[in-house]
Amino acid sequence: MKELREYEIGLYEKAMPNSLSLAEKLTLTGELGYDYMEMSIDESDDKLARLDWSDDKLDELASISRQIGVPIGSICLSGHRKYPLGSESQAERGMEIMEKALHVASKLGVRVIQLAGYDVYYEQGNKETQKRFIENLKKSALLAAKAGVYLGFETMETPFMDTVWKAMFYVQAVHSPWLGVYPDSGNLTNAAKIYQSDVLLDLKSGDGHICALHLKETIPGHYREIPFGTGHVDFGAIINTAWQMGVHRYVTEMWYVNQPEWKKDIAKARSMMTNLLDEHCRL
């Protein structure tokens, strides 16, 4: 019988080798003690190709997920880094990605899509890119409302949206119940070091609008591939604050980088985070 907890914890797909099939990844997610897997649709061709899967293929994946007993609980949609919603040349493709991602989520039963908090990434932002970003977010929120899928901004590693407070500016500008914030604890911690601010106060600025939380380790100036327990993120304080704000869904964000003991790394992250979650997440 599945362990009953007051929260659910998911595993980021990229914690596992890309050579594995989605069925194998879902199986491992369950075997390693997680409740669900967060699927990646990043800017790579193979991940973006998922947006063009037929309904039959999506139905087959949904069936496989049910048989394994591990759902795809959310989608990390970072493909907008290459095709951002604020870009003059790439926004049309960005909106196409958004519409297709919402369809994929609907077919798979996914209720949350994490959005990359960039107006543009590979080009210089300005007032026009920010204006276009808001306009396309409003269109995206209408599409999300129709699909019944929640959109949450990830707080990123760039100054455009590296805090919850900055993300909330766009949430309030769009003013839709289908757009909120899905913060990254590691990125927030690095931003707090840069601005000499309080990461917990920043998290609280999104009260009532936070759907889930990425648990990720960082060190100052480095945002990816830092092993859990070797960085400076105060996971206990962040989890406790998020829990008090009503957040019940958490994902360990980590990457497979050809390390031989990647399964042990995932198990260690799960153990560390569930111990903290069990300590702080009580009704």
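What you see is a predicted model; the values in this text were computed from it and never measured.
- The backbone N or O of Ile219 lies less than 3.5 Å from a partner atom in the side chain of Asn190, making a donor-acceptor pair.
- Of all non-hydrogen atoms in Tyr12 and Val251, the two that sit nearest each other are N-CG1, 3.9 Å.
- Using a 4.5 Å heavy-atom threshold, the side chains of Ser140 and Leu151 count as touching.
- A donor-acceptor pair is defined here as one N or O able to donate and one able to accept, closer than 3.5 Å; such a pair exists between the side chain of Gln114 and the backbone of Tyr182.
- Although no hydrogens or angles enter the test, the distance criterion places a donor-acceptor pair under 3.5 Å between the side chain of Thr274 and the main chain of Arg270.
- Counting heavy atoms from C-beta on, the side chains of Leu26 and Tyr36 never come closer than 4.5 Å.
- Heavy-atom neighbours of Arg93 CZ from other residues, nucleotides or ligands within 6.0 Å: above the threshold of 12.
- Ring geometry, Tyr170 versus Phe133: the interplanar angle exceeds 60°, so the pair is classed perpendicular (tilted spans 30 to 60°).
- Side-chain atoms of Ser271 never come within 3.5 Å of backbone atoms of Lys268 as a donor-acceptor pair (strictly under, hydrogens ignored).
- Proximity of a side-chain donor or acceptor of Glu43 to a complementary backbone N or O of Tyr83 within less than 3.5 Å is not detected.
- Under the 3.5 Å distance criterion, the side-chain polar atoms of Arg50 are matched with a main-chain donor or acceptor of Ser40.
- The shortest side-chain heavy-atom distance between Leu203 and Leu188 falls under the 4.5 Å cut-off.
- Judged purely by atom type and a 3.5 angstrom limit, Thr27 uses its side chain to pair as donor or acceptor with the backbone of Ala23.
- At a threshold of 4.5 Å between non-hydrogen side-chain atoms, the residues Arg249 and Ile9 do not count as touching.
- When each of Lys14, Lys47, Arg81 is checked for a side-chain hydrogen bond (donor to acceptor under 3.5 Å, both in side chains) with Asp42, only Lys14 meets the rule.
- With hydrogens and angles disregarded, no donor-acceptor distance shorter than 3.5 Å links the side chain of Glu6 to the backbone of Cys281.
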Tabulate below the donor-acceptor pairs under 3.5 Å that side-chain atoms of residues 160-169 make, not counting sequence neighbours, or state none.
{"from": "Asp162", "atom 1": "OD1", "to": "Lys166", "atom 2": "NZ", "distance (Å)": "3.0"}
{"from": "Asp162", "atom 1": "OD1", "to": "Tyr195", "atom 2": "OH", "distance (Å)": "3.3"}
{"from": "Asp162", "atom 1": "OD2", "to": "Tyr195", "atom 2": "OH", "distance (Å)": "2.6"}
{"from": "Thr163", "atom 1": "OG1", "to": "Lys166", "atom 2": "N", "distance (Å)": "3.0"}
{"from": "Lys166", "atom 1": "NZ", "to": "Pro159", "atom 2": "O", "distance (Å)": "2.6"}
{"from": "Lys166", "atom 1": "NZ", "to": "Tyr195", "atom 2": "OH", "distance (Å)": "2.9"}

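- Side-chain atoms of Ser87 never come within 3.5 Å of backbone atoms of Val120 as a donor-acceptor pair (strictly under, hydrogens ignored).
- Taking every heavy atom of both residues into account, Ala91 and Asn136 meet most closely at CB-ND2, 3.7 Å.
- Tyr250 pairs by the ring pair (Phe, Tyr, Trp, His ring centres under 6.0 Å) definition with nothing, not counting sequence neighbours.
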Name the atoms and distances for all side-chain donor-acceptor pairs under 3.5 Å in residues 206-216, with sequence neighbours left out.
{"from": "His214", "atom 1": "ND1", "to": "Glu253", "atom 2": "OE1", "distance (Å)": "3.0"}
{"from": "His214", "atom 1": "NE2", "to": "Glu38", "atom 2": "OE2", "distance (Å)": "2.6"}
{"from": "Lys216", "atom 1": "NZ", "to": "Asp184", "atom 2": "OD2", "distance (Å)": "3.2"}
{"from": "Lys216", "atom 1": "NZ", "to": "Asn187", "atom 2": "OD1", "distance (Å)": "2.8"}
{"from": "Lys216", "atom 1": "NZ", "to": "Tyr223", "atom 2": "O", "distance (Å)": "2.8"}

